[in-house]
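Given the structure is predicted, the values throughout are model-derived calculations rather than measurements. In what follows, every chain begins at residue 1, and chains take the letters A, B, ... in the order their sequences are listed.
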Number of protein chains: 2
Amino acid sequence: MPQQKKAPVVVSIQALHRMPYYLHLLKDYQAAGETVISAKAVATELRLNDVQVRKDLAAVSSVKGRPNTGFEIQDLIDNMEDYLGYNNLMDAVLVGTGSLGRALLSYKGFENYGLNIVAAFDNNPDLVGTRISERTVKSTEDLSDFCKRLKIHIGIITVPAPAAQEVCDQLLDGGILAIWNFAPAHLSAPEHVLIQDENMAASLAMLSRKLKEATR
Amino acid sequence: MPQQKKAPVVVSIQALHRMPYYLHLLKDYQAAGETVISAKAVATELRLNDVQVRKDLAAVSSVKGRPNTGFEIQDLIDNMEDYLGYNNLMDAVLVGTGSLGRALLSYKGFENYGLNIVAAFDNNPDLVGTRISERTVKSTEDLSDFCKRLKIHIGIITVPAPAAQEVCDQLLDGGILAIWNFAPAHLSAPEHVLIQDENMAASLAMLSRKLKEATR
DNA sequence: TAGATTGTTAATCGATTAACAATC
DNA sequence: TAGATTGTTAATCGATTAACAATC
């Protein structure tokens, strides 16, 4: 039996995190008129180990590099965008139209990353019905029904921490499979639901801690 | 020679990332009227390994847990806030008053995490002089001078990606030691400067990738 | 050909988890 | 005392880096 399938290369979470940086750099080089790039050049730019770069690229890309030359930039970009899912748009709902929620709604760039925020929700009756960045704010009462009806798989939580779990439960009720959580709170959810925490408090803590160590 | 110094426990970057979650949970328990908590309970709540929790707590806390009882919640909170630097406010400047910059400026919670945004900068002359969340927007021309004069150590970059490196250079010029970078771009800076990337594109990519794998 | 670069296999490094004695 | 929990030492796991043959 011929094994035609691509080997299921496991990409570590750290490697996955590096991917957008590769992509960004590749586009920069392409914009500068380059057509090929070596793993070593990428490594130097991003201050990474060149073997690591080669492994990362090999994991997500079907093209091979040519000794003494490097990789075709266009090929890598295509493969990486494909891998990162930037090519197929996914629908999402956003809950919580405070300042951060508004900022995310007004950000035009998410479509480039494959994310389409189709609706915004808030529990404040004064906000329900108003329009933010061309979307009408809906009541959180309709949240789970909306998700079910439109088969939305991604929920973005931008409510204050104390309300986060409740919103999470509503999203789960609506059949959501992945949550992008901006609330500084730990969410409880079934194993199969993906939770991506965007905890700015955590990031800030890391920054301030490292700064403290550095200036000691 | 007596070694009175606390052992220089190395806290991994992953561990550091868990700290804010511990702190949050501890405060929740305290708010619920608890005074002690076991590492096991923390581990169960946050879906971590209990030995890991004990190691993490031991690394940042001077108090020891009591067998059969656990840890004093208040002690842990004190130690952790201290460790994370939430008790000593650090000054920062923010550059780029687009939607994300505004969202961060309007967020009242940063002071709880030890961050004080003292000024906002933008290169758009129309915005310079306007007020956002009780701060007057200054011109980026004055950025490095301002940082030098007030001895600011932290810079927050919320400008579009193509402008990020230029702003970074200005901040470095102003003697900044740490940068919290929200632009989806890789910044070049000397080794000793801390760069904390808050790359939403990267997070989003991870979410969408994992979702893709899960629904396959 | 010589030099540069690739990709793979093995070694190293670091973090997580398991095992277990110590303690309240 | 027995049971629960702690903290430490050792084993495991996974990611990064080093070494090196293969290739253009």
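Residue A/N49 places at least one side-chain N or O closer than 4.0 Å to OP1 or OP2 of D/dA18.
Using modelled atom types, one finds no donor on one side chain facing an acceptor on the other under 3.5 Å when comparing A/T140 with A/N123. With hydrogens and angles left out, the side-chain atoms of B/Q165 and B/D169 include a donor and acceptor closer than 3.5 Å.
Per the geometry, CG belonging to B/N68 stands 6 Å off C1' belonging to C/dC24, to the nearest Å. Going from atom CZ of A/R54 over to atom C1' of C/dG7 covers 8 Å, rounded to whole Å. The nearest whole Å value for the distance from the NZ atom in B/K55 to the P atom in D/dT5 is 21 Å. With rounding to whole Å, A/Q14 atom CD is found 10 Å from C/dA15 atom C1'. The distance between atom CD of A/Q52 and atom C1' of D/dA18, rounded to the nearest whole Å, is 13 Å. Atom pair A/L46:CG and D/dT16:C1' shows a separation of 16 Å (rounding to whole Å applied). The distance from atom NZ of B/K64 to atom P of C/dA22 is 14 Å, rounded to the nearest whole Å. With rounding to whole Å, B/L16 atom CG is found 12 Å from C/dA15 atom P.
Using a 4.0 Å heavy-atom criterion, one finds that A/A15 contacts no nucleic acid atom at all.
With hydrogens and angles disregarded, a donor-acceptor distance shorter than 3.5 Å links the side chain of B/S106 to the backbone of B/A103.
Nucleotides of DNA chain C nearest to B/R66 and A/P67 differ in position, and the one nearer the 5' end is that of A/P67. The residue among A/S12 and B/I37 whose nearest nucleotide of DNA chain D lies closer to the 5′ end is B/I37. If A/T69 and A/L48 are placed on DNA chain D by their nearest nucleotide, the residue sitting closer to the 5' end is A/L48.
Distance check, rounded to the nearest 0.5 Å: CG of B/N79 to OH of B/Y22 gives 14.5 Å.
Across all strands shown, D/dA10 pairs with C/dT17; the Watson-Crick or G-U wobble distances both stay below 3.5 Å. Look at D/dC24: its Watson-Crick or wobble partner, with both distances under 3.5 angstrom, is C/dG3.
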>> Applying side-chain contact (heavy atoms from CB on, under 4.5 Å) to A/Y29 and A/E45, what does each step give before you reach the verdict?
In response: CA-CA 11 Å; A/Y29 268 72; A/E45 284 275 5; 2.9 Å; yes
